[in-house]
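Structure record follows, encoded as structure tokens.
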Protein chains: 2
Amino acid sequence: MTTDRSRPTSRDVARAAGVSQAAVSLVLRDKWRGRVSPGKAEAVRAAARELGYRPNPAARSLRLGRTRTALLVVPALTNEFFARLHAGTARVAAEHGFGVVLYPSPEGIGPARDPFDSASAALDGVIASSMASEAPAALRADGDLPLVMLDSEPERTQAAATVNLDIADGMRQVVAHLLDLGHRRLAHIAAAVDSWTFEVRARTLAEAVRAAGCAPPLTRPSALTVADGTRAALEALAADPRPTALVCDDDLLAAGACKAARRLGLRVPEDVSVTGFDDLSLATALEPELTTVRLPAEEAGAAGMRALLAVLGVEGAGDRGGVGTGGDVSGGPAEVTTLPVALAVRGSTAPPPRTPARPGGR
Amino acid sequence: MTTDRSRPTSRDVARAAGVSQAAVSLVLRDKWRGRVSPGKAEAVRAAARELGYRPNPAARSLRLGRTRTALLVVPALTNEFFARLHAGTARVAAEHGFGVVLYPSPEGIGPARDPFDSASAALDGVIASSMASEAPAALRADGDLPLVMLDSEPERTQAAATVNLDIADGMRQVVAHLLDLGHRRLAHIAAAVDSWTFEVRARTLAEAVRAAGCAPPLTRPSALTVADGTRAALEALAADPRPTALVCDDDLLAAGACKAARRLGLRVPEDVSVTGFDDLSLATALEPELTTVRLPAEEAGAAGMRALLAVLGVEGAGDRGGVGTGGDVSGGPAEVTTLPVALAVRGSTAPPPRTPARPGGR
DNA sequence: CTGAAAGCGCTTACAG
DNA sequence: CTGAAAGCGCTTACAG
């Protein structure tokens with residue numbers, strides 16, 4: 001009855017069910033009501049099941065002009081934050097039959113050089129996270145694909161939607177926590193990365209400290225590695241008077257700050273407090289465990305994919321409270337979703353020492 | 001001249017260059033020598049460049065029956081080891097115009113339930129890493145796609161190729177290092193994960209210890225988290241006589257072991273040595289830094305993708321020393337590549353204490 | 001309610 | 001060396 005070759009096609013299913021190829025498509029896409037008799041519909045489903053039929057995605061893409069594939073652009077996947085982001089994105093995508101292709105952008109983003117490097121051209125949309133300030137412009141080179149930005153400047157909006165984490169609130173919680181403990185001399189171990197998310201951290205820290213009437217924080221930029229965080233923290237701790245708390249842009253930097261403190265014979269948190277950002281698994285692997293801001297990375301990825309699906313008009317996506325607004329994005333400013341964050345208070349923060357020891361110099 | 005609609009097609013390029021559509025394809029696929037005159041070839045290239053032509057991948061896939069997409073199946077991408085593996089895979093894939101789709105398999109692997117959940121059906125091959133012993137069988141459900149296994153039992157071979165890390169050698173190096181330092185009572189904090197890679201670690205540790213004439217290692221299984229590693233290590237350190245070294249299957253577990261030791265008032269490495277496996281960034285974020293086995297995850301991913309490309313007969317792939325063996329895999333046992341690993345000796349190991357303190361009990 | 005046809009954009013035999 | 005045609009498998013108007 002069936003030729004035993006490779007994958008069955010809709011033609012094979014049609015033959016097995018005794019219907020036309022068109023009927024197979026209508027039934028399996030659930031568009032058959034009033035167009036195919038219930039009996040034939042059931043026959044199609046049975047035949048499809050028995051043959052193990054799965055539609056050829058290439059053929060469908062060609063016909064529909066859509067690929068059910070989204071591109072996720074992140075700075076680096078080896079960072080656990082982005083791995084979590086991806087997990088959320090991929091989960092929601094899978095729920096809607098979408099695939100996610102990753103583009104870890106080491107530095108610049110541009111169109112493919114060779115015209116045949118086009119595996120990535122088969123896209124319905126792009127989700128980009130934590131990009132450098134001017135990166136979105138480059139992303140537009142990829143045609144007129146719908147773009148959703150994550151953790152990025154909301155104004156700079158070629159994006160159809162933006163999903164942000166409440167970074168500013170997180171930083172304010174860090175500062176409030178440290179001020180509550182009695183700290184007055186904060187230093188900032190700042191990620192030396194040109195992106196909106198780190199700009200916000202720096203600006204918010206400075207504002208919050210100023211609002212409290214304290215001296216501006218000593219700032220030391222650092223690459224996003226433990227080793228460079230250690231170096232930057234060593235410099236910060238060499239200042240006179242020495243800061244009593246190191247506010248770090250990231251848990252990796254906080255780990256480096258802890259190493260720096262111990263290298264100078266200072267105890268964390270008794271002699272110096274350290275805070276992180278992200279709440280990676282690293283935060284609770286360290287000792288003492290890090291006081292840090294938990295960022296809901298997976299939720300952000302999921303929300304970003306939902307926003308993209310809504311822009312694409314994919315059914316069942318973007319339902320917020322039952323108000324069917326799928327695809328309603330033409331005109332008007334792009335919508336911005338901001339996810340709340342929470343401070344996780346752990347062992348790396350404590351009141352400042354009563355009589356701070358003076359550093360060796362001068 | 002050109003209609004200003006969406007993307008240009010090969011037809012548009014043909015019109016602009018004054019040639020047939022077929023000539024465009026031949027030129028851009030570099031199969032034109034002796035079939036198209038050099039002048040026309042150049043005209044095609046110029047027109048393609050000017051129009052920004054990029055071939056439609058869906059059309060190409062439909063025609064060729066191949067998609068230039070590989071599936072990477074890993075247990076969890078939030079583990080840095082697999083993130084690195086992915087980076088290597090994606091890099092090599094991109095060099096050959098391939099895309100990589102990720103399948104983080106929380107548990108089981110099976111065919112899509114719904115026939116229209118078929119985004120993942122557009123695949124040329126599968127790379128699966130560190131699977132449970134019986135998982136490959138399930139993978140075959142996906143049709144007759146070429147399969148490359150990473151970090152997996154080489155015998156169980158439905159796989160066209162296997163790329164392994166020399167896990168056994170790594171474990172032997174750990175044991176030799178600890179024996180050299182004078183340790184005789186080792187405990188094993190073992191990952192409670194049913195996979196070949198952890199079986200090998202357990203077996204090799206037991207063998208190496210026996211070969212040295214020591215008592216069999218006390219073994220405590222643990223989930224692959226810092227918290228559970230702490231619990232397991234607390235149990236191991238409660239034994240009498242107490243082990244002087246904790247051999248951990250993973251850096252996360254080693255971090256947990258360090259926390260357990262300190263919770264008991266024991267210093268690492270003075271009172272107890274701890275070793276890890278993987279050399280994640282966590283290994284040098286901790287203090288003391290972990291002695292651990294560096295696994296070349298990115299290289300493994302890259303080698304796996306190269307092996308898959310060779311099986312697929314993709315030109316330029318799989319060149320090993322210039323012997324063009326691409327695609328030469330029919331018959332014979334699947335080939336196994338084993339990548340060397342290296343012990344990174346750092347601060348978490350030292351000679352055992354002279355007079356080991358007895359634990360409280362009894 | 002059902003069937004036959006067109007066409008998405010590409011690549012590859014096949015005639016000239 | 002060049003051109004016209006077939007066909008990959010699907011979905012969607014369009015006639016009956």
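Within every chain, numbering begins at 1; the chains are lettered A, B, ... in the order of the sequence lines, protein sequences first and strands thereafter.
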#### Entry: Rounded distance (Å) that lies between atom C1' of D:dC8 and atom CD of B:Gln21
14 Å
### Task
Answer yes or no: is there a donor N or O on one side and an acceptor on the other, between the side chain of A:Ser10 and the main chain of A:Gln21, under 3.5 Å?
no
### Query
Counting side-chain heavy atoms from CB outward, which of D:dC1, D:dT12, C:dT12 is closest to B:Ser37?
D:dC1
### Message
Are there over 12 heavy-atom neighbours, none belonging to B:Glu42, within less than 6.0 Å of that residue's CD?
### Response
yes
### Task
Measure from the side chain of B:Leu62, starting at C-beta and using heavy atoms only, and say which of C:dG9, D:dT12, C:dT12 lies closest.
C:dG9
### Task
On DNA chain D, check which nucleotide each of B:Leu26 and A:Leu26 is closest to and give me the residue with the more 5' one.
B:Leu26
### Summary
Rounded to whole Å, the CG-C1' distance (B:Asp12 to C:dC8) equals 14 Å
### Query
Over how many whole Å does the gap from A:Asn56 atom CG to C:dC8 atom P extend?
18 Å
#### Entry: Watson-Crick/G-U partner (both atom distances under 3.5 Å) of D:dA13
none
### Task
Using only side-chain N and O atoms of B:Arg60, determine if any of them is under 4.0 Å from OP1 or OP2 of C:dT11.
yes
### Query
Any side-chain heavy atom of A:Val74 within less than 4.5 Å of one from A:His86?
no
#### Entry: Rounded distance (Å) that lies between atom C1' of D:dG7 and atom CG of B:Leu64
12 Å
### Given C:dC10, C:dT12, D:dG9, the nucleotide with the shortest approach to the side chain of A:Thr9
D:dG9
### Task
From the options D:dA4, C:dG3, C:dG9, select the nucleotide whose nearest atom is closest to the side chain of B:Arg63.
C:dG9
### Message
Using only atom types and a distance under 3.5 Å, with no angle test, would you say the side chain of B:Asp124 pairs donor to acceptor with the backbone of B:Thr67?
### Response
yes
### Task
To the nearest Å, give me how far apart CG (A:Leu28) and P (D:dT12) are.
13 Å
### Query
How close or far is atom P of D:dA13 from atom CZ of A:Arg29, stated in whole angstroms?
12 Å
### Rounded distance in Å - CZ (A:Arg35) to C1' (D:dG16)
14 Å
### Query
Taking only N and O in the side chain of A:Ser25, is any of them less than 4.0 Å away from OP1 or OP2 of D:dT11?
yes
### Message
Tell me which nucleotide, if any, is Watson-Crick or G-U wobble paired with C:dA4 when both distances must be under 3.5 Å.
### Response
none
### Message
Quick check: on DNA chain D, is the nucleotide nearest B:Val36 upstream (toward 5') of the one nearest B:Ala59, or the reverse? Name the residue that is more 5'.
### Response
B:Val36
### Message
Whether the A:Asp151 and A:Ser129 side chains hold a donor-acceptor pair (N or O, under 3.5 Å, no angle test) is what I'd like checked.
### Response
no
### Task
Could you tell me the separation between the NZ atom of B:Lys31 and the P atom of C:dT11, rounded to a whole number of Å?
9 Å
### Task
Check whether any side-chain nitrogen or oxygen of B:Ser10 sits under 4.0 Å from OP1 or OP2 of C:dC10, and answer yes or no.
yes
